[in-house]
Amino acid sequence: MNEQTERPRRYTLRLTVGAHSARHVRRIIHRLCDDWTVPPDVADDLALGVTELLSNVVRHVPGARAEVRLLHDEEAGRVRAEVTDDGPQLPQTVPALPDPCDEHGRGLAIVAAVAAKWGVQRGEAGGEGKTVWFECRTSVVTEPSGCHSTAWDRPLASTDSPAT
């Protein structure tokens, strides 16, 4: 099936994160979002969130290898970003703001600020590693009065497990 007609649209990038990775990943995300007609402000949020997560890989994961996965579900009005690594340490589930003079420690607070929803999944079969994911809305969803949508409570691709 052609990627342009596949739902949801997907992109995967495996890389060893280094000093210039953020610039290249931001460029890839913006080009991909342009192809997918994702609004520029959402592309900015995705790029910021992904590069913050990649900076955590550089700081905390031996070998700094990661996989970035983007999934665009146009029908549901969202893009999901996943950053998977094999580091054993899980991030805090509640982002803590560091002392204003600290050089590091704001990554997950930034992700939480740009995302509609975010979380962490352990590696498959209880192994080491994790996937930190977040979702950004690409459109405003209006619901009839009295209705509650659970679309954001379901995984984007229910048959997919996080990339490992």
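Because the structure is predicted, anything quoted here is derived from the model rather than measured.
Separating the CG atom in Leu70 from the OG1 atom in Thr12 is a distance of 8.0 Å, to the nearest 0.5 Å. Between the CZ atom of Arg59 and the CG atom of Leu54 there is a distance of 14.5 Å, given to the nearest 0.5 Å. Here the straight-line distance linking atom CZ of Arg122 with atom OG1 of Thr131 works out to 12.0 Å at 0.5 Å rounding. Between the CH2 atom of Trp133 and the OG1 atom of Thr84 there is a distance of 12.5 Å, given to the nearest 0.5 Å. To the nearest 0.5 Å, atoms CD (Glu82) and CD (Glu135) are separated by 8.5 Å. To the nearest 0.5 angstrom, Phe134 atom CZ is 10.5 Å from Arg80 atom CZ.
With contacts defined as side-chain heavy-atom distances shorter than 4.5 Å, the pair Leu32/His72 does not qualify. In this structure the side chain of Arg78 never reaches within 4.5 angstrom of the side chain of Leu71, judged on heavy atoms. The closest side-chain heavy-atom distance from Glu74 to Trp36 is not below 4.5 Å.
When the options Val50, Ile28, Leu53, Thr51 are evaluated for a side-chain contact (heavy atoms from CB on, under 4.5 Å) with Val68, the one that passes is Val50.
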Legend entry - side chain to side chain contact (heavy atoms under 4.5 Å, CB included) between Val61 and Gln89, worked out: CA-CA 8 Å; Val61 177; Gln89 184 179 357; over 6 Å; no
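Listed by chain and residue number, Asp41, Val42, Thr138 satisfy the side chain to side chain contact (heavy atoms under 4.5 Å, CB included) test with Pro39 (two or more places apart in sequence, or in another chain). Among residues two or more places apart in sequence or in another chain, the side chain to side chain contact (heavy atoms under 4.5 Å, CB included) test is passed with Arg65 by Thr16, Asp86. Shown here are the side chain to side chain contact (heavy atoms under 4.5 Å, CB included) partners of Ser21, two or more places apart in sequence or in another chain: Leu15, Val17.
Taking the charged nitrogens against the carboxylate oxygens, Arg69 and Glu67 have no contact shorter than 4.0 Å, which rules out a salt bridge.
Closest non-hydrogen pair, Ala115 versus Cys136, comes out as CA-SG, 4.4 Å.
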